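Remember, it's a predicted structure, so these values are computed and weren't measured experimentally. Reminder, nothing fancy here: chain letters follow the sequence lines and each chain counts from 1.
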Amino acid sequence: MTHPLLFGLNPPQQQAVESNDKNILVLAGAGSGKTRVLVHRIAWLIQEKQVSPYAILAVTFTNKAAKEMSQRIERILNMPVRGMWVGTFHGLAHRLLRTHWHEIGLPENFQVIDSDDQKRLLKRIMKEMGIDEKEYPVNDVQSFINHSKDNGQRSNNIETLYAVNQKHHQAIYTEYEQICRRSGLVDFAELLLRAHEIWLNHPHLLAHYQQRFRYLLVDEFQDTNTIQYAWINVLSGVNQPEKETADVMVVGDDDQSIYGWRGAKIEHIQQFARDFKPATTIRLEQNYRSTGTILSAANAVIGHNNERLGKTLWTDSGKGESILVYQAYSGYDEADYIVNKITTLIEEGSKREDIAVLYRSNAQSRVIEEKLVQSAIPYRVYGGLRFFDRAEIRDALAYLRLIYARDDDAAFERVINLPARGIGQKTIEKLRLFAKETQQSLWFAAINTLQEKMFSPKVAQSIVDFLHMIDHFSHQLKEIKLHELLEEVYQTTGLKAYYEKEKNEKARSRIENLDELFNAIKQFNDEFPELLNEDLFESEKLESEKLESEKVEDDGLKPAEQIHVLADFLGHAVLESSEKQAEEWDDCVQLMTLHSAKGLEFQYVFLAGMEQGLFPHRMSAELDDKLEEERRLCYVGITRAMKQLYLSFADTRNIHGRMEYCRPSQFIKEIPEQFLTQVRTTYSPAYNKSNSSFSQSNYSQASRQSYSDYGNRSSSIPAKRANKKILEQDEEYYCGKVVQHKKFGEGVITDTEGSGNKLRVQVNFKQAGSRWLLAKVANLD
DNA sequence: CCAGTTTTTACTGGG
DNA sequence: TAAAAACTGG
């Protein structure tokens with residue numbers, strides 16, 4: 001009798017789940033069931049090997065994946081799993097820093113900044129240093145700094161190599177590092193670097209966590225960068241012969257490595273076998289997702305890469321439909337084609353959520369959104385401009401940040417004159433200068449300059465009012481709840497009124513977003529007591545602190561704790577900016593970039609904008625290794641499709657409002673023709689139908705298309721909340737449960753995926769065999 | 001010296 | 001197209 005946790009798994013999958021080997025490398029092709037293996041493995045450890053969840057650390061690459069993994073584990077085990085650490089490298093690092101800020105010399109109220117903040121800060125620093133932005137583009141400086149950090153190099157510790165610009169870059173890096181240190185700012189790369197330094201410089205902390213985490217599991221291993229790899233390596237203890245090392249399982253696919261640009265190194269896959277001895281390699285090559293045609297196309301494309309470990313996916317499902325290729329006149333025509341196909345699919349009974357449009361860069365979504373709106377097809381854009389990245393949200397958060405930490409110069413600058421209150425560039429410049437000279441933050445510079453009588457009475461009064469306003473908020477925080485404070489901020493600062501007086505569509509959506517932030521923070525506040533109880537740091541906390549956190553009362557938080565809620569919320573906002581839309585259950589067509597499609601699958605996939613320069617992107621076309629990464633991205637895109645794949649490209653495309661001519665992507669030519677079917681203009685009422693020759697002289701029609709109605713795009717944020725309690729409605733379906741189905745009779749649940757309305761269960765029926773069913777429709781008893 | 005207006009520049013990707 | 005930079009009237 002097969003163990004329920006192994007049921008329905010093929011031999012290598014089973015091996016991966018139940019193996020007792022110390023170090024395991026799972027090479028898992030696209031659609032080969034790797035997430036399932038990870039989930040079952042963890043469940044196996046807990047259930048069969050009686051491993052405490054406290055001893056397990058699982059690292060994923062997105063917050064979404066982390067969330068889904070814990071949900072699936074809980075559902076499989078049919079119980080909440082407490083104490084296990086599941087998260088992204090960044091999230092885990094953040095958690096470590098929040099716990100051990102004292103030991104590593106961070107201020108307690110350190111702030112995580114995102115790349116926009118980082119860029120702004122760098123611009124300012126360069127200006128102060130008198131470095132010309134034209135000669136040394138900020139983007140270059142930024143990537144220099146981040147790459148250095150990704151490789152574990154501090155400003156004083158950089159190998160001197162090639163680049164001419166290095167001297168300047170390094171000088172900026174040094175200055176940047178100092179300013180961050182002084183104002184308690186931590187960028188994304190810094191999170192990882194600091195977390196790594198905890199291991200290196202604090203042996204007792206390392207020992208503590210080594211003792212705790214006996215099982216390390218890493219997903220998307222091909223996307224780890226140097227620091228992340230080193231972090232796992234050190235934590236595992238594999239290089240400390242005297243130590244008992246942790247069991248390490250890493251899962252990856254060299255063909256799906258698409259984050260080289262942020263320091264990921266595919267070579268870590270090979271390095272794992274060298275560093276973690278003895279290592280068992282398990283290959284998952286059977287694809288359960290796509291048709292034979294789609295898989296063949298994917299294999300053909302990726303076959304053009306040279307640097308591969310070598311792996312060929314196969315499937316025993318049928319050939320399936322041919323891949324459709326559409327040549328459009330323009331981006332608008334392309335969008336027309338896609339949306340019409342989608343309409344047809346929906347009319348034929350497909351669900352909208354089974355359809356995805358994937359593209360290389362976010363800007364491409366606009367045209368497609370426009371057509372979708374016209375056709376009244378509900379859709380959702382993943383990623384893109386994420387909720388917490390929106391200007392109005394960042395403004396509101398900047399106020400909160402300033403309330404939380406007066407030294408937060410970035411926040412100060414953002415809101416000191418927003419909405420306009422008579423404090424202009426000159427004034428701010430004076431403040432900056434003063435702050436720099438006296439080595440203090442802008443906030444205190446403002447206080448001190450007031451005494452110096454540097455400003456006109458009018459300006460001075462504005463500053464005083466501003467300072468008082470923030471202080472007043474801060475004071476209020478002791479008495480009112482966080483969301484109430486936010487409303488107070490909206491009103492008192494005039495932030496909301498500022499948008500309200502603009503009558504256009506955009507301003508209205510901004511107000512909606514501000515309201516949405518209010519809801520988000522309210523809910524975060526409500527859930528906080530529970531978060532505290534579930535606090536995964538518990539074992540890391542000092543006894544005294546622990547006692548204090550247990551004093552939380554039912555009727556809400558003690559006022560003094562509000563500040564901690566604020567701290568947590570701010571950290572949450574910076575790190576987890578994309579969850580909002582993904583939590584929605586509504587049946588929507590999915591729009592996203594190829595990067596964010598990784599790990600997902602859809603019945604119908606449209607790859608839009610298959611053009612040279614766009615995909616492969618012009619920035620990546622010249623260097624072989626970059627081109628190979630683009631090709632892997634293409635491979636990722638193709639392998640998202642289960643049933644039918646559509647490729648499209650346009651002869652012209654508007655870039656920055658200017659029309660440019662395009663040629664088809666080389667990747668299309670890399671797919672053998674036998675798998676492709678060229679589609680002629682089957683539909684296009686808006687265009688001249690007879691124009692089916694694909695010559696490049698026929699654009700005028702397309703470019704005449706109306707550009708109107710941009711304001712109409714659905715950009716508002718869905719109102720539903722994150723952190724839905726999955727167990728509420730899904731607890732009745734768990735692995736091993738015996739169920740009755742009207743048609744198929746009796747069977748046992750062997751696997752589940754999704755949740756809510758999308759919950760699907762795999763049931764092994766006595767008569768009918770194994771089947772996947774949508775729980776909502778199946779009516780299982 | 002500020003606030004509102006016009007011109008210029010720049011879009012890969014994401015935690 | 002949209003955000004940032006440069007410009008200009010009060």
Side-chain angles (χ1 to χ4, degrees), chain A residues 59-66 87-94 112-116 118-120 123 127 133-134 137-139 143 146 149-150 186-192 220 223-225 227-228 258-264 331 358-367 370 382-386 388-389 391 417-430 455-456 458-459 462 498 506 571-579 592-598 609 613-621 626 629-630 632-633 636 653-658 660 707-708 710-711 713:
Chain A
V59 191
T60 60
F61 250 74
T62 60
N63 294 306
K64 196 168 150 204
T88 62
F89 276 108
H90 291 90
L92 298 170
H94 183 230
V112 181
I113 57 168
D114 64 21
S115 43
D116 274 3
Q118 187 185 36
K119 189 175 285 176
R120 225 179 301 267
K123 272 189 176 173
K127 206 168 189 178
E133 255 193 60
K134 292 261 156 49
V138 203
N139 289 329
S143 60
N146 290 336
K149 290 192 180 190
D150 286 342
V186 175
D187 61 45
F188 286 139
E190 184 76 18
L191 282 172
L192 302 176
E220 309 282 11
D223 285 328
T224 50
N225 67 29
I227 282 289
Q228 292 164 338
I258 55 176
Y259 286 103
W261 49 274
R262 60 180 213 214
L358 310 183
Y359 36 80
R360 176 62 230 268
S361 62
N362 281 309
Q364 287 172 258
S365 74
R366 200 161 291 129
V367 194
E370 197 185 351
Y382 281 73
L385 230 208
R386 288 167 295 172
F388 286 106
D389 288 341
N417 198 32
L418 192 123
R421 49 174 75 88
I423 303 168
Q425 277 309 306
K426 286 284 169 201
T427 307
I428 294 170
E429 236 159 74
K430 280 187 202 165
F455 305 114
S456 69
K458 212 174 103 196
V459 172
S462 295
Y498 173 71
K506 196 162 165 185
H572 165 87
V574 180
L575 281 167
E576 308 193 18
S577 46
S578 67
E579 306 308 273
M592 69 192 83
T593 63
L594 287 155
H595 280 92
S596 47
K598 185 157 80 151
L614 193 55
F615 187 37
H617 197 275
R618 47 182 68 75
M619 311 283 261
S620 309
K626 291 209 172 186
E629 182 157 307
E630 294 282 309
R632 292 193 291 270
L633 193 54
V636 167
R653 192 170 286 278
N654 279 9
I655 298 182
H656 305 165
R658 193 160 294 282
E660 297 200 358
Y707 293 43
S708 65
Y710 275 94
R713 273 178 292 127

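- The phosphate of B:dC1 (OP1 or OP2) has a side-chain N or O of A:Lys430 nearer than 4.0 angstrom.
- Between A:Asn146 and the phosphate of B:dG14, there is no side-chain N or O to OP1/OP2 separation shorter than 4.0 Å.
- Applying the 4.0 Å criterion to OP1 and OP2 of B:dA10, one finds that A:Lys134 has every side-chain N and O outside that range.
- Stacking here means ring centres nearer than 5.5 Å and ring planes tilted less than 30 degrees, and by that measure A:Phe61 does not stack onto B:dG15.
- Proximity of A:Thr427 to the phosphate of B:dC2: a side-chain N or O atom is located under 4.0 Å from OP1 or OP2.
- Note on A:Asn139: a side-chain N or O is less than 4.0 Å away from OP1 or OP2 of B:dC11.
- Applying the 4.0 Å criterion to OP1 and OP2 of B:dC1, one finds that A:Ser456 has every side-chain N and O outside that range.
- An OP1 or OP2 oxygen of C:dT1 is reached within less than 4.0 angstrom by no side-chain nitrogen or oxygen of A:Asn654.
- Under 4.0 angstrom from either OP1 or OP2 of B:dA3 there lies at least one side-chain N or O belonging to A:Asn417.
- Taking OH of A:Tyr382 as the reference point, atom OG1 of A:Thr593 lies at 12.0 Å (rounded to 0.5 Å).
- For A:Asp223 and A:Gln228, the side-chain atoms include no donor-acceptor pair closer than 3.5 Å.
- B:dC11 and C:dA6 have their P atoms separated by 15 Å, given to the nearest Å.
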